[in-house]
Q: 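The structure is given below, and queries will be raised subsequently.
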Amino acid sequence: MNPPQPPLPYTESGNGPQVAILDWTPWQTTTLADALTPSYRVINIQPPIPPPGEGQDEAAAQNTAAALAATLETAGLTQYALIGVSLGADAALRLALLRPHAVTALILVSPTCVAPEPPQTPPDPQPWQTPTQTMLAHPENPAHPPPDPARAAALAALSQQWQNANALLPQLQTPTLAIFGQEDRLIPPQAPSLWRQQAPNCNICFIYDAAHAITLDRPQALHSLASDYLQRRETFIVENRNSQINP
Amino acid sequence: MKASYLGAMGYAQRRTFPPTWPTPPAYNDPALSVQSYQHGIEECEFAEEMGFQWISFSEHHYSGRIATGAPSVMAAAVAERCRKARIALLGHLLPLNNPVRAAEELALLDNLTNGRLIMGFLRGTPNEDQTYNVNPAEGRGRMLEGMDLILRALTEPQPFAWEGRYYQFRTVAVWPRPVQQPLPPAIVATRSDDAVRYAAAHRLGLGVSFLPVADTAAITNKYFQWCQDAGWTPQPDQIVFRGSIYLAETDQKAWDWFHRQADRARAPGMALRNSVAQVIQAQRTGQTIDYAHVFAGSAAGDIVGGAPDLTFVGGPDSITQQIKAYHDHCGAGVIDLFFQQPSLNHRDIMAEINLFGREVLPRLQEF
């Protein structure tokens, strides 16, 4: 049995249905949380990333999920939607499996933990070390904030360990939306279809003109999509906007 | 070098059209229209018989000059009569079309032809934007996104949603899959740097239309460079040049015909009002529009534009050399030819195809 986990640091904003966000990218943006705050109570967790060499394996991933669960329970969340971004999606997947009755919906943005088997190439830490060049569709955009180098280095180390979670997907009963940048160069091209095929309640979506860092490349598109899914779950596929020109 | 016959399916009496676009439907006599399409299909069959390796179709609207507003329908009909040639849909006007529908049509055509499809993407001429009320300022963006979506739709093995700038779909699952895997050959028909870059980056072919050799070479040279930068070299079949042609037995006969056409000035059914052309161009290039000025200058109904001058004119020797220049200087491996000049009838076209097949096509295959 795992020992009790200390609460992880988090920020809280807004009122309404509860949403937890785990954004593990080299950019600590709050745009997604900010966009959801008017309609939701948002818990934004920025967990400390384990230093290299401290057991970054599946057991460590499970421990992290347990720590996240404990933190959200401490914050008073009993049922909540969960959004995981990049490596944060890997943690979110494990948390959804650990607390299937608490996590009512799962939105995974650029999840990195599923890949074709056997692995076609070994995990490459380089993209994490130069995220501006490798994770953005438009690195020339001056509006993008610079990545945090220390965070990027820690994520590079983490990315080496938390790899294939394919075997977990059939267990995932939570309604799930997996979102991918159309130009993502980190995620294997076969990964989206693996999610759709193996996770029983999973929809997949491609965001045009976005690479791995969708939160920076197409934030409004991501917010719009995530909001729609949070509101309507798997029925988000049904068009509900009025298209009359002159009613 | 390969030859492609553009199945324009022109209306028989296209020479009588008024100068401006669109051509009023009142000019279309249904009986003559049916006959025109039958003649057009016969021309495609005969072109295949004479050795053309591709039969192509192009989306154009609201005119009987190139009367294939629904090119997939036309391609499907011809594909049942032409059983050997590649069927080249060059192509869908992406800013006008639902890309998912276009992907479905392409996949179905590849099945109906058992893998003979070549697909093409283009933005369209300025008048085309008016067909389905597309803002000319959005044409380029719609085309670039449309290409991404079509390629995704034709290759993604599981249902997916798409969150674009211009297109949003929550369920895409194109059926059937293309016969040619992973994709049928694709051509991006363009003169614009961003679309040329797209073709190079995605390892797609390039199509250029109706430009002189030097201008075409300027585009293809950039394409070759950007392909090299992307780590690949295009094959000859991936460089397509489309031109209009008039071929006669001798240079003298061809030029005599051409000079007689000069009296008719521009080809009918293609011109836009000056005011409309100005506004389209301004919106396409992001310029500010002074509507008061534009409208004040167009009250008399000025017309501009029209069909481009003929690309190839002459007897067999001259035509061969003219086409060879596109091969030698532009790297073109396929020449897509528009034979249906407005004053020509079905019999004229068949004679030209015959002459081209006998005297020109065998020589094209030598380079």
Side-chain angles (χ1 to χ4, degrees), chain A residues 107 109-110 114 116 137-138 169 176-185 188-211 214-215 217-229 231-241 243 245, chain B residues 94-95 97-103 121 132-135 138-175 177 181-183 193-195 197-204 229-231:
Chain A
I107 297 178
V109 183
S110 306
V114 166
H138 294 286
L169 298 190
T176 301
L177 174 63
I179 302 171
F180 301 89
Q182 165 77 354
E183 298 177 37
D184 195 318
R185 294 181 289 276
Q190 303 93 333
S193 62
L194 288 172
W195 279 95
R196 183 67 169 78
Q197 198 172 14
Q198 296 184 12
N201 296 312
C202 183
N203 287 83
I204 60 174
C205 183
F206 295 98
I207 305 259
Y208 172 68
D209 207 17
I214 301 172
T215 50
D217 279 328
R218 297 283 313 282
Q220 291 171 329
L222 179 61
H223 302 158
S224 166
L225 177 64
S227 296
D228 200 15
Y229 191 81
Q231 189 176 0
R232 299 198 289 149
R233 303 291 196 268
E234 65 269 23
T235 68
F236 85 122
I237 63 172
V238 181
E239 180 59 68
N240 64 353
R241 293 168 297 187
S243 61
I245 296 169
Chain B
L94 287 195
N97 282 280
N98 175 334
V100 178
R101 174 64 183 222
F121 311 127
Y132 299 152
N133 258 17
V134 169
N135 182 343
E138 297 180 349
R140 176 151 296 131
R142 283 180 176 274
M143 177 174 170
L144 292 171
E145 183 179 337
M147 288 192 288
D148 255 18
L149 178 47
I150 287 176
L151 298 179
R152 174 68 70 181
L154 291 177
T155 54
E156 190 61 35
Q158 292 291 324
F160 67 92
W162 180 267
E163 195 76 25
R165 294 189 190 280
Y166 296 103
Y167 303 105
Q168 182 189 72
F169 297 98
R170 292 287 163 81
T171 304
V172 180
V174 166
W175 185 286
R177 298 172 68 203
Q181 289 289 319
L183 276 172
D193 280 0
D194 52 2
R197 282 186 191 278
Y198 184 97
H202 291 78
R203 302 192 173 212
L204 307 180
D229 294 346

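These figures come from a predicted structure and were not determined experimentally. The chains referred to below are lettered A, B, ... by the order of the sequence lines, with proteins before strands, and numbering in each begins at 1.
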Q: Given a strict heavy-atom distance threshold of 4.5 Å, which part of E156(B) is in contact with chain A: side chain, backbone, both, or neither?
A: side chain
Q: CD of Q182(A) to CD of E145(B): how many Å apart, nearest 0.5 Å?
A: 9.0 Å
Q: So which of I207(A), I179(A), N203(A) has the biggest tally of heavy-atom pairs under 4.5 Å with chain B?
A: I207(A)
Q: Looking at F180(A), F206(A), W195(A), which one forms a ring-ring contact (aromatic ring centres under 6.0 Å, His included) with F160(B)?
A: F206(A)
Q: With side chains defined as the heavy atoms from C-beta onward, is the minimum distance between R170(B) and F236(A) less than 4.5 Å?
A: yes
Q: Are there over 12 heavy-atom neighbours, none belonging to R185(A), within less than 6.0 Å of that residue's CZ?
A: yes
Q: Out of I214(A), L225(A), L222(A), which one pairs with E163(B) under the side-chain contact (heavy atoms from CB on, under 4.5 Å) rule?
A: L225(A)
Q: Where on L144(B) is there a heavy atom nearer than 4.5 Å to chain A: the side chain, the backbone, both, or neither?
A: both
Q: Would the distance check show the side chain of R218(A) and the main-chain N or O of G164(B) forming a donor-acceptor pair, the cut-off being under 3.5 Å?
A: yes
Q: Using a 4.5 angstrom heavy-atom cutoff, name the option from L194(A), L177(A), D228(A) with the most pairs to chain B.
A: D228(A)
Q: With rounding to the nearest 0.5 Å, note down the distance linking CG in D209(A) to CZ in R165(B).
A: 4.5 Å
Q: With a cut-off of 6.0 Å (strictly less than), are more than 12 heavy atoms of other residues, nucleotides or ligands near CG of N133(B)?
A: no
Q: Do other residues, nucleotides or ligands put more than 12 heavy atoms under 6.0 Å from Q220(A) CD?
A: no
Q: Inspect the surroundings of CZ in R177(B) and state if more than 12 heavy atoms from other residues, nucleotides or ligands are less than 6.0 Å away.
A: no
